[in-house]
Amino acid sequence: MSHFKSQFFNLMVERGFYKSCTNEDGFDTYLYECEKSGTPAVGYLGSDPTGDSLHVGHLVPLMMMRWFQKLGNQPILLVGGATARIGDPSGKDKLRPFLSEEQLQHNVDGLRHSFGKFVKMGNGKTDSFFVDNWDWFQNINYLNFLRDVGTYYTVNRMLTLDSVKSRLEREQPMSFLEFNYQLLQGYDFCELYTKYGCRCQLAGDDQWGNITSGTELGRRRNNVELFGFTTPIITDSSGKKMGKSEGNAVWINEDKLPTYNYYQYFRNIGDADVEKCLKIYTDLPIDEINRLAALKDQEINEAKKILAFEATKICRGEAEAKQAQETAIAVFEQGLAGGELPQIAFVDGMSILDAFLEIGFVESKGEARRLAKQSGLKVNDVVVDENYKLTAADKVDGKIKISQGKKKHGIIA
RNA sequence: GGAGGGGUGGCAGAGCGGUCAAAUGCAACGGACUGUAAAUCCGUCGACUAUGGUCUACGAAGGUUCGAAUCCUUCCCCCUCCA
């Protein structure tokens with residue numbers, strides 16, 4: 001159905017990962033030849049350590065890299081220690097606050113942990129490895145850099161970059177510091193080409209401008225054609241970016257978000273998004289996905305369970321995913337208080353308001369009171385009022401189940 | 001350096017001496033309806049509370065006033081135009 005030669009391109013198109021490419025035929029041919037000769041193509045994905053974990057919003061390029069590797073290619077993961085010190089202006093109106101050195105190091109570690117879940121690291125032919133652009137930028141000399149790289153850029157061209165243009169059009173300030181971001185990312189690409197023969201950069205479509213900065217620098221300075229390939233920015237059917245739950249990011253790293261919550265995020269995907277998510281966030285073969293996507297109405301819940309399990313498995317491991325699934329089934333289908341739920345210690349006579357505050361479901365007693373007035377607080381699935389006190393008599397099998405609304409459940413034991 | 005405009009709740013954005021814990025929209029949350037979906041409808045949305053109130057908030061610090069998000073002074077930050 002598709003006119004591409006390479007497995008990678010065909011798979012990307014089939015699963016909805018393909019947004020755009022700097023040279024479709026060229027890249028396809030390059031990959032095809034690599035596949036034919038059994039030499040891995042080398043490609044990189046970069047991310048700046050502005051936070052200490054990736055979240056679901058970053059997952060699309062990560063899953064793309066996973067396939068890239070599975071099809072016999074070698075991914076390089078770049079952590080932008082240097083570029084994080086500049087701040088990517090894409091999609092922002094304000095200069096990022098500077099991070100302390102400790103914070104930066106902490107973030108780099110967290111990011112590596114996130115990355116490592118999706119591609120295989122090691123020393124083998126297609127194994128991935130980390131690089132940090134701080135390694136080559138920290139000692140660079142300003143004048144040398146300007147002469148080496150600056151000569152190949154025109155300000156005219158730099159101003160046309162979306163991230164720059166939109167800032168200017170919206171009359172928001174853009175510091176000279178941020179203006180330079182594209183040069184650094186462009187330089188990264190060339191550096192990886194020189195060092196590791198990396199010919200392609202794979203990323204989310206918001207990186208398009210920064211990618212072309214690299215491919216152009218490669219052509220002018222290193223006389224080589226570099227390729228850029230981007231994934232669409234995935235939104236749900238109401239047009240919102242994926243990856244937020246209750247206004248909070250759905251984190252990849254387990255210390256930032258319990259596996260049960262990660263599972264629940266995918267379990268609660270809207271009907272209209274199920275097929276898209278199965279293709280992107282799981283490893284399931286396309287035939288299986290087509291079968292699941294055909295399910296309707298209540299049956300689609302089966303597809304959602306599989307989606308949640310499969311997506312969680314990749315990120316958190318099979319055992320954890322299974323446990324999350326069992327918890328969800330116990331809570332929602334059997335009405336029990338399962339193992340993975342948040343838990344706090346029982347104190348006899350504890351006020352219900354304090355209990356909800358302590359378990360972290362509400363931020364103030366006032367909020368808990370309001371919820372109580374709206375019948376939003378339950379103990380063992382029975383609505384209680386704000387004066388309710390927890391006693392030993394509430395225990396069922398040694399524990400008390402408390403719920404806020406229909407979806408947030410916790411245990412007091 | 002000069003002239004003008006502006007900094008308000010998670011975001012956007014009104015208010016410009018009392019009736020302001022601050023309109024409206026978005027986001028979020030609870031309820032109804034459901035399928036742990038979507039859409040819709042109703043409600044909530046600073047904190048504490050003996051529910052009567054108390055406290056903290058409209059860039060920061062002072063001041064005027066019975067009373068300030070609103071007026072004055074100084075400072076910080078941003079935008080636009082001129083040099």
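Letters A, B, ... mirror the listed sequences (proteins, then strands); counts begin at 1.
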Sequence-distant partners of [X], side-chain contact (heavy atoms from CB on, under 4.5 Å), two or more places apart:
X	value
A:Thr391	A:Asp348, A:Ala393, A:Asp394
A:Asp397	none
A:Lys279	A:Arg15, A:Glu275, A:Ile286, A:Ile289
A:Leu184	A:Thr83, A:Ile86, A:Phe137, A:Phe145

Exercise. So which pairs with a foot in residues 53-65 of chain A pass salt bridge (Lys or Arg N to Asp or Glu O under 4.0 Å), sequence neighbours left out?
Worked result: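 Residue pairs with at least one partner in residues 53-65 of chain A: there are none.
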
Exercise. Which residue pairs satisfy the ring pair (Phe, Tyr, Trp, His ring centres under 6.0 Å) criterion with at least one member in residues 336-376 of chain A, sequence neighbours excluded?
Worked result: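 Passing the test, one end in residues 336-376 of chain A: no pairs.
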
For nucleotides [N] and [M], find the distance between their [atom1] atoms and express it as a whole number of Å.
N	M	atom1	result
B:C72	B:U65	C1'	11 Å
B:C11	B:A60	P	14 Å
B:C77	B:G59	C1'	7 Å
B:G52	B:C79	C1'	47 Å
B:C82	B:C71	P	29 Å
B:A68	B:A3	P	32 Å
B:G13	B:C58	C1'	13 Å
B:U49	B:C41	P	35 Å

Problem set entry | Ranges pairing with ranges for RNA chain B, where each run has three or more Watson-Crick or G-U pairs under 3.5 Å |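 Correct response: B:1-7 with B:76-82, B:10-12 with B:24-26, B:28-32 with B:40-44, B:46-48 with B:53-55, B:59-63 with B:71-75.
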
Problem set entry | Aromatic ring proximity, centroids under 6.0 angstrom, A:Phe8 and A:Phe68 |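 Yes: the rings meet the under 6.0 Å criterion.
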
For this session: Compute the ring centroids of A:Phe9 and A:Phe229, then answer whether they are less than 6.0 Å apart.
Result: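 Yes - the distance between ring centres of A:Phe9 and A:Phe229 falls below the 6.0 Å cut-off.
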
Looking at [X] and [Y], does any basic side-chain N land under 4.0 Å from a carboxylate oxygen?
X	Y	answer
A:Asp271	A:Lys304	yes
A:Lys313	A:Asp283	no
A:Asp273	A:Lys276	yes
A:Arg291	A:Glu288	yes
A:Arg221	A:Asp148	yes

Whole-Å gap separating [atom2] ([N]) and [atom1] ([X]):
X	N	atom1	atom2	result
A:Glu333	B:U34	CD	C1'	16 Å
A:Lys408	B:C29	NZ	P	8 Å
A:Asn301	B:A38	CG	C1'	12 Å
A:Phe266	B:A37	CZ	P	17 Å
A:Asp385	B:G30	CG	C1'	16 Å
A:Leu371	B:G31	CG	P	8 Å
A:Asp271	B:A37	CG	P	9 Å
A:Ile329	B:G35	CD1	C1'	15 Å

For this session: Tell me which of A:Phe332 and A:Lys373 sits closer to the 5' end of RNA chain B, going by the nucleotide each one is nearest to.
Result: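 Looking at RNA chain B, the more 5' nearest nucleotide goes with A:Phe332.
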
For this session: By nearest nucleotide on RNA chain B, pick out whichever of A:Gln325 and A:Ser375 is the more 5' one.
Result: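 Whichever sits nearer the 5' end wins; that is A:Ser375.
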
Give me the distances for all protein-to-nucleotides 52-55 of chain B N/O pairs that come in under 3.5 Å?
none

Exercise. Of all of residues 302-316 of chain A, which get a heavy atom below 4.0 angstrom from RNA chain B, listed by number?
Worked result: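 Only A:Lys304 qualify.
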
For this session: Output all residues satisfying side-chain hydrogen bond (donor to acceptor under 3.5 Å, both in side chains) with A:Lys322, sequence neighbours left out; order by chain, then residue number.
Result: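 In terms of side-chain hydrogen bond (donor to acceptor under 3.5 Å, both in side chains), with neighbours along the sequence ignored, A:Lys322 is linked to no residue.
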
For this session: Give the B/S/- string for nucleotides 41-48 of chain B, one per nucleotide from 5' to 3', where a protein heavy atom under 4.0 Å of the base yields B, of only the sugar-phosphate yields S, and otherwise -.
Result: --BSS-SS

For this session: Not counting sequence neighbours, which residues clear salt bridge (charged side-chain N to carboxylate O under 4.0 Å, His left out) with A:Lys305? List them please.
Result: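 Partners of A:Lys305 by the salt bridge (charged side-chain N to carboxylate O under 4.0 Å, His left out) criterion, ordered by chain and then number, come out as A:Glu302, A:Glu333.
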
Exercise. Looking at A:Phe130, does the NZ or CZ of A:Arg112 lie under 6.0 angstrom from its six-membered ring centre and within 45 degrees of the ring axis?
Worked result: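 Yes, a cation-pi geometry.
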
Exercise. A:Lys406 has a side chain; which of B:C29, B:U36, B:C33 sits nearest to it?
Worked result: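 Out of B:C29, B:U36, B:C33, the nucleotide with an atom closest to A:Lys406's side chain is B:C33.
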
Using a cut-off of 4.0 Å on non-hydrogen atoms, how would the nucleic acid contact of [X] be classed: base, sugar-phosphate, or nothing?
X	result
A:Ile269	sugar-phosphate
A:Gln404	sugar-phosphate
A:Ala272	nothing

For this session: Please determine if a side-chain N or O atom of A:Lys407 lies less than 4.0 Å away from the OP1 or OP2 oxygen of B:G31.
Result: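 Checking B:G31 against A:Lys407, no side-chain N or O comes under 4.0 Å of OP1 or OP2.
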
